[in-house]
Amino acid sequence: MFENSFFSEWLDAFSVDDDRFGTAYDAVPDNRRAWLKTTIARLHVLYGTPQVMWGRQERHWRQGHVSIAESRPVDWTAVVVDSAYMSGVRLLAAAMIPLLSGVEDILVVFTGDAPVAAECLAALELAGIERAVQLDTEKTVAFMAAVSDAELSGRVLALGDTARQVVHDAGIPSNGVSMWFEPQFTSIGVLSGGSFDRKLLAWAHPDLNIVDVTVDDLASLPSVAAVCCEGDVVDTVVDTVPVSLGAGQEGCWIWPDLLPQWFMHRRFSLLSEV
């Protein structure tokens, strides 16, 4: 699995095999798999797939200097996730972005001894991200030490409290490696009186509380991951709430601050005209 990969071959002993992916896929009901597919479709529509994998723009300026701007996808991305993480749609919303950015070497690391949720494995299989391992905390620390010293450009995403702590404790990475941490929320707000699918929300975010809010609450909501409301009031939602979901979108997710551009490695040269 790790031939011609940035990631070390010792990880192969901890790979999530095809049988585990297949069992997880079968364990998720068809109507829930449909929502995982819908989230994948939404992300494809929003971000597309890269038509240009790399680029180099050289300009000779009248003032007598030359600029060269280069960009390409980073060499690798590691998505570090608590093994007890339960939200397949939120995992998809993170792991899909490097894929849609053209990153070819993507690894999902489930950290911990808890069984990985079927929704998470089914989500990865549906997205075509099947390179995954499960490591205990000690091996995850060793993994982070290795990637933090990498000489190739990369990105690390952390989802869940344990993953956040392990990635944070790895310290400041080398040049070319950047980290993203899942925002910490405990609730999702639902506008009272609306026809929102609360059971679907509870499936998509089993680790979050579903709380009722009123129209008057929208301008001063406490820290919530999202609010379910309709378009006629969405502009009144306080800016600290990153996501709003209308009826019929409860099973989808997106991380607004996680963009394809973040997975691009850029170099710039400023030279004198010869």
Side-chain angles (χ1 to χ4, degrees), residues 1-22 24 49-50 53-54 71-85 88 90-117 120-160 162-182 258 260 262-266:
M1 179 181 287
F2 293 97
E3 295 87 355
N4 303 315
S5 171
F6 159 78
F7 300 105
S8 300
E9 290 190 4
W10 67 265
L11 293 164
D12 197 50
F14 305 96
S15 294
V16 177
D17 60 28
D18 291 341
D19 288 343
R20 286 182 67 186
F21 274 111
T49 53
M53 293 301 295
W54 64 274
S71 65
R72 58 172 174 78
V74 296
D75 295 295
W76 57 271
T77 293
V79 185
V80 185
V81 193
D82 289 6
S83 63
Y85 198 79
R90 297 210 310 272
L91 174 57
L92 268 180
M96 280 287 295
I97 307 304
L99 184 68
L100 295 175
S101 305
V103 180
E104 295 183 354
D105 208 353
I106 301 172
L107 175 66
V108 178
V109 178
F110 291 104
T111 179
D113 299 321
V116 178
C120 289
L121 291 181
L124 295 178
E125 180 160 291
L126 287 167
I129 303 171
E130 296 186 0
R131 183 183 285 173
V133 298
Q134 184 169 2
L135 306 177
D136 61 24
T137 302
E138 183 179 350
K139 289 184 176 63
T140 306
V141 170
F143 169 82
M144 281 305 307
V147 300
S148 294
D149 292 333
E151 295 181 359
L152 297 177
S153 61
R155 300 289 182 265
V156 179
L157 314 181
L159 296 96
T162 301
R164 167 183 288 275
Q165 193 63 52
V166 172
V167 171
H168 178 270
D169 289 350
I172 299 173
S174 62
N175 292 333
V177 179
S178 299
M179 298 176 175
W180 176 88
F181 297 90
E182 178 186 32
L258 197 57
W262 187 66
F263 294 90
M264 301 300 292
H265 181 70
R266 292 179 173 82

Which value, rounded to the nearest 0.5 Å, describes the distance between [X] atom [atom1] and [Y] atom [atom2]?
X: L258; Y: M96; atom1: CG; atom2: CE; answer: 12.0 Å
X: F6; Y: T77; atom1: CZ; atom2: OG1; answer: 10.0 Å
X: D169; Y: T140; atom1: CG; atom2: OG1; answer: 12.0 Å
X: I129; Y: L107; atom1: CD1; atom2: CG; answer: 10.5 Å
X: L91; Y: L157; atom1: CG; atom2: CG; answer: 9.5 Å

- Task: Return the set of residues passing ring pair (Phe, Tyr, Trp, His ring centres under 6.0 Å) with F21 (not counting sequence neighbours), or none when no residue passes.
- Result: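 For F21 there are no ring pair (Phe, Tyr, Trp, His ring centres under 6.0 Å) partners, ignoring immediate neighbours.
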- Item | salt_bridge(D105, R131) N-O dist < 4.0 Å |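 Salt bridge: yes.
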- Message: Per the salt bridge (Lys or Arg N to Asp or Glu O under 4.0 Å) rule, what does the pair list look like for residues 134-151, sequence neighbours excluded?
- Response: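 For residues 134-151: D136-K139.
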Determine whether [X] and [Y] make a side-chain contact, defined as any pair of heavy atoms from C-beta on separated by less than 4.5 Å.
X: S15; Y: F2; result: yes
X: L159; Y: W180; result: yes
X: L99; Y: F263; result: no
X: W76; Y: V147; result: yes
X: T111; Y: L135; result: no
X: H265; Y: D75; result: no
X: F143; Y: V166; result: no
X: V103; Y: R155; result: no

- Message: Tell me every residue that passes side-chain contact (heavy atoms from CB on, under 4.5 Å) with A142, counting only those two or more places apart in sequence or in another chain.
- Response: none
Distance-minimising heavy-atom pair for [X] and [Y]:
X: Y85; Y: G160; result: CE1-N, 4.0 Å
X: S101; Y: M264; result: O-SD, 4.1 Å
X: L121; Y: R20; result: CD1-O, 4.0 Å
X: G112; Y: S83; result: C-OG, 3.3 Å
X: G88; Y: A123; result: O-CB, 3.8 Å
X: A158; Y: V167; result: CB-CG2, 3.8 Å

- Task: Give a yes or no on whether D18 atom CG has more than 12 heavy-atom contacts from other residues, nucleotides or ligands under 6.0 Å away.
- Result: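 Open: at most 12 neighbouring heavy atoms sit under 6.0 Å from CG of D18.
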- Query: Backbone N or O of A114 within a donor-acceptor pair of the Q134 side chain at under 3.5 Å?
  - Reply: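 Indeed, once roles are kept as given, a pair shorter than 3.5 Å links the two residues.
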